[in-house]
4 protein chains.
Amino acid sequence: MGRAKTIDEVQLFQETEKLILESGYAGFHFKALSERLGVARSTIYNYYSKKEELITAFMVHLLEQVVENMDRASHAGNPVHALIQLWGRYANIHQMMQVMPYIDKEASPKVQKSVEAMFQLLQQMRSKIKDILIEEQQRGSVREDVPLDTLAGFVMSAVQIPFRHESEEAWADEVYKLIRSGLSA
Amino acid sequence: MGRAKTIDEVQLFQETEKLILESGYAGFHFKALSERLGVARSTIYNYYSKKEELITAFMVHLLEQVVENMDRASHAGNPVHALIQLWGRYANIHQMMQVMPYIDKEASPKVQKSVEAMFQLLQQMRSKIKDILIEEQQRGSVREDVPLDTLAGFVMSAVQIPFRHESEEAWADEVYKLIRSGLSA
Amino acid sequence: MGRAKTIDEVQLFQETEKLILESGYAGFHFKALSERLGVARSTIYNYYSKKEELITAFMVHLLEQVVENMDRASHAGNPVHALIQLWGRYANIHQMMQVMPYIDKEASPKVQKSVEAMFQLLQQMRSKIKDILIEEQQRGSVREDVPLDTLAGFVMSAVQIPFRHESEEAWADEVYKLIRSGLSA
Amino acid sequence: MGRAKTIDEVQLFQETEKLILESGYAGFHFKALSERLGVARSTIYNYYSKKEELITAFMVHLLEQVVENMDRASHAGNPVHALIQLWGRYANIHQMMQVMPYIDKEASPKVQKSVEAMFQLLQQMRSKIKDILIEEQQRGSVREDVPLDTLAGFVMSAVQIPFRHESEEAWADEVYKLIRSGLSA
DNA sequence: CATGAATGAGGCTTCATTCAT
DNA sequence: GATGAATGAAGCCTCATTCAT
């Protein structure tokens with residue numbers, strides 16, 4: 001009968017992330033999750049009483065980490081480069097965010113709260129990027145002939161550039177070059 | 001002979017696309033689709049006998065269009081700009097492709113064939129981009145200090161840059177600037 | 001567009017038999033049948049407007065053949081042996097009859113009629129066997145210490161004895177021996 | 001822990017048997033089964049996750065019983081008579097086995113295992129019958145002029161002889177007579 | 001007649017979720 | 001809390017059957 005196993009919330013989030021990355025929203029079930037955690041499916045309900053609550057809670061957690069790291073990035077010597085590095089480290093946020101549209105946002109009050117929190121965090125991310133870009137513009141190192149939103153979108157899109165490099169560092173360096181000065185020779 | 005068709009495949013593909021874009025793979029059911037088409041659910045099975053068959057057939061169709069258009073783009077005066085314009089027009093391929101990992105590739109032989117076709121088409125896309133970039137390199141208008149794959153990834157990633165512009169044209173122009181010469185002033 | 005194909009009713013019965021033998025009642029669909037006949041599924045409905053009608057019509061046809069042949073058998077020199085031979089030839093009636101319980105006998109008036117006809121034919125079979133046995137009893141060549149029904153059942157059960165012989169004849173001979181004088185040395 | 005079971009596997013098997021005997025493979029659904037058991041359809045899936053798994057598991061169970069009883073039969077004073085009695089008791093195995101060809105044997109690994117087990121058990125049955133017959137041949141009480149396989153088939157075919165007797169015992173006695181000494185007076 | 005098209009009914013399965021221990 | 005059991009809703013798919021040409 002064994003002692004009753006307790007769920008380690010850290011592990012819960014880890015497996016949640018893995019599972020979403022591997023199988024996307026459609027493939028994310030409590031069934032699969034419980035198997036990986038080695039507990040009964042119903043046990044998870046003692047922690048999160050809805051699928052959506054778990055997913056959104058996890059996403060908030062993830063975004064909080066990124067935002068926190070962005071703060072550090074903005075104080076770095078070369079904030080844009082630091083940003084790209086950060087992207088390297090959290091390459092999967094983007095993929096994670098992809099599942100958002102499929103979440104039933106009215107599933108429960110808790111879900112609603114989390115979703116709101118997520119939007120705020122995304123806002124923060126975007127405005128932090130903008131802040132960095134504005135500062136660079138003032139220093140004269142970033143162009144001003146393109147709307148700020150587009151510039152920010154451009155920086156964020158780099159998350160998508162595939163990862164065929166020996167190291168995260170090498171990837172960040174190459175990508176930084178491109179972001180900085182584009183394709184031209 | 002037989003009665004006149006009430007669905008044509010064009011309409012079928014159109015609604016398929018809309019549905020996937022709105023609700024993603026998880027939200028794509030024959031039920032939802034049939035409601036939009038105003039036919040019985042089972043009717044769709046007369047056209048595609050499996051969810052996956054329809055989706056993959058549609059994707060192949062979409063990619064074929066893109067590849068065809070890329071051919072034209074590569075003969076344009078400014079091929080890279082033409083490419084970015086193309087991205088503007090097919091902004092959703094990327095989102096569509098996102099659902100690929102969740103498809104059960106062994107669902108049926110037809111699905112397998114379509115999946116293979118998709119991979120080939122993606123290969124073609126990638127190599128067409130590379131061809132364009134190589135030519136530009138030879139003309140001296142594209143840098144050579146970054147691996148070709150990364151350059152290609154960079155161009156493709158532009159598909160992600162969000163679309164807050166009055167027109168597709170305006171978007172393409174801005175994005176082209178960035179791709180060409182980067183963030184720097 | 002090809003000339004419209006007509007269904008050959010002989011072929012229809014042949015394929016019906018094959019299909020039932022291969023797949024049983026559950027596996028017998030108009031879909032499969034139409035494919036084998038190379039016609040559209042709906043075409044079969046011009047001949048038999050219900051699955052059950054076709055099946056029962058076929059069975060009646062089959063039983064009629066057997067009964068007819070039994071008449072001949074009963075006039076043979078050794079009627080019991082002739083019977084066993086007949087079993088060899090129509091080894092599958094038994095299997096065919098197995099599907100009867102699963103037929104919805106009230107599916108249509110035609111079905112009802114066929115089902116009645118089948119029962120009558122089965123009755124005839126049984127009574128022909130009994131007649132043969134009675135005659136043999138009168139000649140002193142069949143035991144009288146076992147009820148006639150059981151004797152008849154015994155003869156009919158021989159249909160089940162598996163068929164691992166070079167020829168139908170060889171099978172019939174061996175089986176006849178057993179039916180005649182049993183296991184004893 | 002957890003709540004008390006409402007179905008036990010014995011009951012599950014009983015109803016499975018009844019249902020198959022009444023309606024055959026085609027008429028065997030989890031829906032019908034669940035109605036008889038008074039539970040939700042999906043509940044059965046907690047026990048057997050596929051129709052085929054349940055059916056084959058049940059058949060294995062049934063055959064195991066028969067084989068076990070055959071062991072006892074072979075030690076009886078008159079093993080052939082004991083066998084016939086056994087047939088009387090398990091008259092429906094034969095009908096059950098009839099559904100075998102329609103089972104999708106690749107439905108799941110569990111199904112495959114069960115199917116293999118079934119074949120082995122059938123093998124065992126056949127060879128136990130042969131063993132009994134060989135022993136009787138050595139004692140001189142069974143003929144040797146007919147191949148063993150045919151003899152075994154003959155004994156097994158008796159399962160089919162219909163059951164119009166006051167008791168199982170009476171049936172077995174009559175049938176034994178026939179098997180032993182055939183039709184002849 | 002033959003046919004292709006449409007459809008509804010019915011069976012299969014999987015999950016999220018609830019409940020009793 | 002943890003768990004095993006039960007369940008309903010929802011999606012998948014197949015086929016008999018009907019209909020219009």
Side-chain angles (χ1 to χ4, degrees), chain A residues 1-7 26-34 37-52 54 104 107, chain B residues 1-7 26-34 37-52 104 107-108, chain C residues 1-7 26-34 37-52 54 104 107, chain D residues 1-7 26-34 37-52 104 107-108:
Chain A
M1 233 146 286
R3 200 80 39 66
K5 288 154 250 159
T6 313
I7 295 184
F28 177 82
H29 334 202
F30 275 15
K31 199 186 174 201
L33 190 59
S34 64
L37 291 168
V39 300
R41 201 165 6 153
S42 52
T43 304
I44 304 178
Y45 283 84
N46 293 329
Y47 296 78
Y48 292 92
S49 48
K50 262 187 184 299
K51 202 189 173 185
E52 282 83 5
L54 170 53
D104 174 9
Chain B
M1 265 175 259
R3 118 178 164 195
K5 284 201 187 197
T6 52
I7 317 176
F28 177 82
H29 339 155
F30 277 13
K31 194 183 171 208
L33 190 57
S34 65
L37 290 168
V39 299
R41 195 163 19 155
S42 59
T43 302
I44 302 177
Y45 283 88
N46 293 337
Y47 294 77
Y48 291 92
S49 48
K50 258 181 190 296
K51 200 188 172 186
E52 283 83 5
D104 174 8
S108 88
Chain C
M1 233 148 285
R3 197 80 39 67
K5 286 153 254 158
T6 314
I7 294 183
F28 176 82
H29 334 201
F30 274 15
K31 198 186 173 200
L33 189 58
S34 64
L37 291 168
V39 300
R41 205 173 352 163
S42 53
T43 303
I44 303 177
Y45 283 84
N46 293 327
Y47 297 77
Y48 293 93
S49 48
K50 262 187 184 299
K51 199 187 173 188
E52 282 83 5
L54 170 51
D104 173 11
Chain D
M1 268 174 257
R3 120 178 163 194
K5 285 200 186 198
T6 53
I7 317 174
F28 177 83
H29 338 156
F30 275 15
K31 195 182 171 208
L33 190 58
S34 65
L37 290 167
V39 299
R41 197 167 10 160
S42 57
T43 301
I44 302 177
Y45 284 87
N46 293 336
Y47 294 77
Y48 291 92
S49 48
K50 259 181 187 297
K51 198 188 172 186
E52 284 83 5
D104 174 9
S108 87

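Quick note on labels: first sequence line is chain A, next is B, and so on, each numbered from 1.
The B:Arg3 side chain lies nearest to F:dA20 when the options are F:dC15, F:dT7, F:dA20. Closest approach to the B:Arg41 side chain among F:dG11, E:dA2, E:dA5 is made by F:dG11 (side chain taken as heavy atoms from C-beta onward).
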So C:Leu54 and C:Phe28, side-chain contact (heavy atoms from CB on, under 4.5 Å) or not? Walk me through it. CA-CA 11 Å; C:Leu54 170 51; C:Phe28 176 82; 4.0 Å; yes
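Proximity of the aromatic rings of A:Phe30 and A:Tyr45 is defined here by a centroid distance below 6.0 angstrom, and this criterion is met.
When the C1' atom of F:dC15 is taken as reference, atom CD of C:Glu52 falls 12 Å away, rounded to whole Å. When rounded to the nearest whole Å, the span between OH of B:Tyr45 and C1' of E:dC12 equals 12 Å. Between the NZ atom of A:Lys31 and the C1' atom of E:dA16 there is a distance of 12 Å, rounded to whole Å. E:dT13 atom C1' lies 15 Å from atom CG of B:Asp104, rounded to whole Å. The NZ-C1' distance, from D:Lys5 to F:dT7, rounds to 16 Å in whole Å. We find that CZ of D:Phe30 is positioned 13 Å from C1' of E:dT14, with the value rounded to whole Å. Between the CD1 atom of D:Ile44 and the P atom of E:dT14 there is a distance of 14 Å, rounded to whole Å. One can place NZ of D:Lys51 at 8 Å from C1' of E:dG11, the figure rounded to the nearest angstrom.
Remark: B:Lys50 is in phosphate contact with F:dC13, judged by side-chain N or O atoms under 4.0 Å from OP1 or OP2. Using a 4.0 Å cut-off, some side-chain N or O of A:Tyr47 falls inside it from OP1 or OP2 of F:dA2. The phosphate of E:dA6 has OP1 or OP2 within less than 4.0 Å of a side-chain N or O from B:Thr6. At F:dT7, one or more side-chain N or O atoms of D:Thr43 fall inside 4.0 Å of OP1 or OP2 (strictly under the cut-off).
At the heavy-atom level, B:Ile7 lies under 4.0 Å from the strands shown only through sugar-phosphate atoms. No engagement by C:Tyr48 is indicated, since no non-hydrogen atom pair under 4.0 Å with the nucleic acid exists.
Along DNA chain F, the nucleotide closest to B:Phe28 and the one closest to D:Ala40 are compared, and the more 5′ of them pairs with D:Ala40. Nearest-nucleotide mapping onto DNA chain F: of C:Ala32 and B:Ala4, the residue sitting toward the 5' end is C:Ala32. Looking at which nucleotide of DNA chain E each of B:Ser42 and C:Asn46 is closest to, the 5′-most match is held by C:Asn46. In terms of position on DNA chain E, the residue among B:Gly38 and A:Ser49 whose nearest nucleotide sits closer to the 5' end is B:Gly38.
For the pair A:Lys50 and A:Ala107, the tightest heavy-atom approach, listed with the atom from each and the gap, is CE-O, 3.4 Å.
Summarising the base pairing, E:dA20 is matched to F:dT3 through a Watson-Crick or G-U wobble pair whose two defining distances lie under 3.5 Å. Nucleotide E:dG10: paired with F:dC13 (Watson-Crick or G-U wobble, both distances less than 3.5 Å).
With values rounded to the nearest 0.5 angstrom, C:Ile7 atom CD1 is found 7.5 Å from C:Leu33 atom CG. Rounded to the nearest 0.5 angstrom, C:Thr43 OG1 and C:Leu37 CG are separated by 9.5 Å.
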